[in-house]
Amino acid sequence: MAAEQAFVTLATNDSYARGAMVLGKSLRNHKTSKKLVVLIGPHVSDQSRAVLHKIYDDVRLVDVLDSGDTAHLAMMKRPDLGVTFTKLHCWTLTHYSKCVFMDADTLVVSNIDELFDREELSAAPDPGWPDCFNSGVFVFIPSNETYGRLLQFCTEHGSFDGGDQGVLNGFFSDWATADITKHLPFIYNMSSIAIYTYLPAFKQYGANAKVVHFLGATKPWSYTYDPRQRRVRGDVAAAAHPGFLLEWWTLYSGEVVPMLMREYGDQPFCSGCEEDAGESEPVQTLMSSAERKQRWEQGQADYMGIDSFDNIQKKLDVFLK
Ligand code: UDP
Ligand code: MN
């Protein structure tokens with residue numbers, strides 16, 4: 001019987017590949033004893049593949065269109081579910097006895113090897129509809145039989161949300177009610193949406209987060225970063241928690257960009273880090289606490305300034321003392 005266990009992620013293009021590089025580095029930095037596997041699509045560049053090979057134990061090309069098997073047939077019936085079929089491919093990793101899938105837009109901030117004590121299918125609730133699990137982090141057992149049944153389910157029923165989360169919740173439909181041990185604590189898949197929807201809970205438990213998930217349309221790599229001032233530019237409040245976003249960028253610019261630069265050599269390459277740093281410093285305006293409270297309640301918190309994670313942390317420290 002196969003004994004090895006692995007963390008698995010997926011990147012079908014160079015943007016998500018950057019996410020996978022940061023995720024892989026974050027797992028290594030927190031000293032995982034598990035193998036790291038990345039599934040890649042045919043559009044990932046040679047340079048990205050080379051870097052992924054340095055971080056991951058196993059880089060697997062998954063070309064659903066080219067596979068000529070059941071996945072290809074399923075794909076012909078549901079061409080809209082391309083990335084989803086690629087993600088389901090993780091069940092074919094039967095060389096491993098148990099795996100934890102993690103989206104490429106997640107960041108590990110603490111060792112999470114204990115997740116391998118859990119059974120299939122363990123996952124954390126989705127913050128938008130907690131009777132569904134979020135498919136950004138889940139424990140599964142590779143099996144060709146399950147894979148076949150998943151593909152069949154997918155072609156027959158499709159996905160109620162157009163992605164893998166809809167398919168997986170349809171397939172593992174008793175998750176919400178059958179076995180509470182399959183509910184991972186939210187700290188294993190903490191999305192920044194929780195900050196806005198339940199700030200007191202975030203204040204109470206946010207510091208225990210083990211995995212941060214940058215879910216939604218704006219990903220960490222959608223921003224630009226000034227490495228000299230250690231600042232993320234752009235409308236930071238839109239998607240991500242500034243403290244964790246900064247952590248992502250610190251890891252990316254410090255450990256991943258140098259690896260990418262080595263691969264690109266003289267060829268043009270845009271890292272997302274600003275080259276001409278040091279000019280326009282964002283203006284920080286002062287306002288009254290009432291005004292600030294009003295802006296906060298309207299969702300216009302000044303995340304890079306007065307409402308930054310550091311300041312929230314300071315408030316928390318005072319409060320806890
Ligand atoms: N993904 C990918 N290429 C895509 C879209 C998604 O490789 O074009 C993979 C990637 O691992 C990503 C996961 O599928 O993290 C789920 O998509 P995403 O994270 O964008 O969804 P969200 O978490 O925002 O719902
Ligand atoms: Mn995601």
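In each ligand, atom 1 is the first atom listed, and ligand 1 is the first ligand listed.
Within 4.0 Å of ligand 1, heavy atoms belong to protein residues L10, A11, T12, N13, Y16, V83, D103, A104, D105, H213, L215, G216, K219.
Aromatic ring orientation, Y16 versus W221: perpendicular (interplanar angle above 60°, classes split at 30° and 60°).
Take the Mn ion (ligand 2) as the corner point: the lines to OD2 of D103 and to OD2 of D105 open at 150°, to the nearest 10 degrees.
Between D226 and R233 there is a salt bridge, since at least one side-chain N of the basic residue sits less than 4.0 Å from a carboxylate O of the acidic one.
Side-chain contact between V44 and D14 is present, with at least one heavy-atom pair separated by less than 4.5 Å.
Of the listed residues (F138, F85, Y147, F171), just one forms a ring-ring contact (aromatic ring centres under 6.0 Å, His included) with W91, and that residue is F138.
Under 3.5 Å, the side chains of K98 and Q5 contain no donor-acceptor pair of N or O atoms.
The side chain to side chain donor-acceptor pair (under 3.5 Å) check on R262 picks up nothing, with sequence neighbours excluded.
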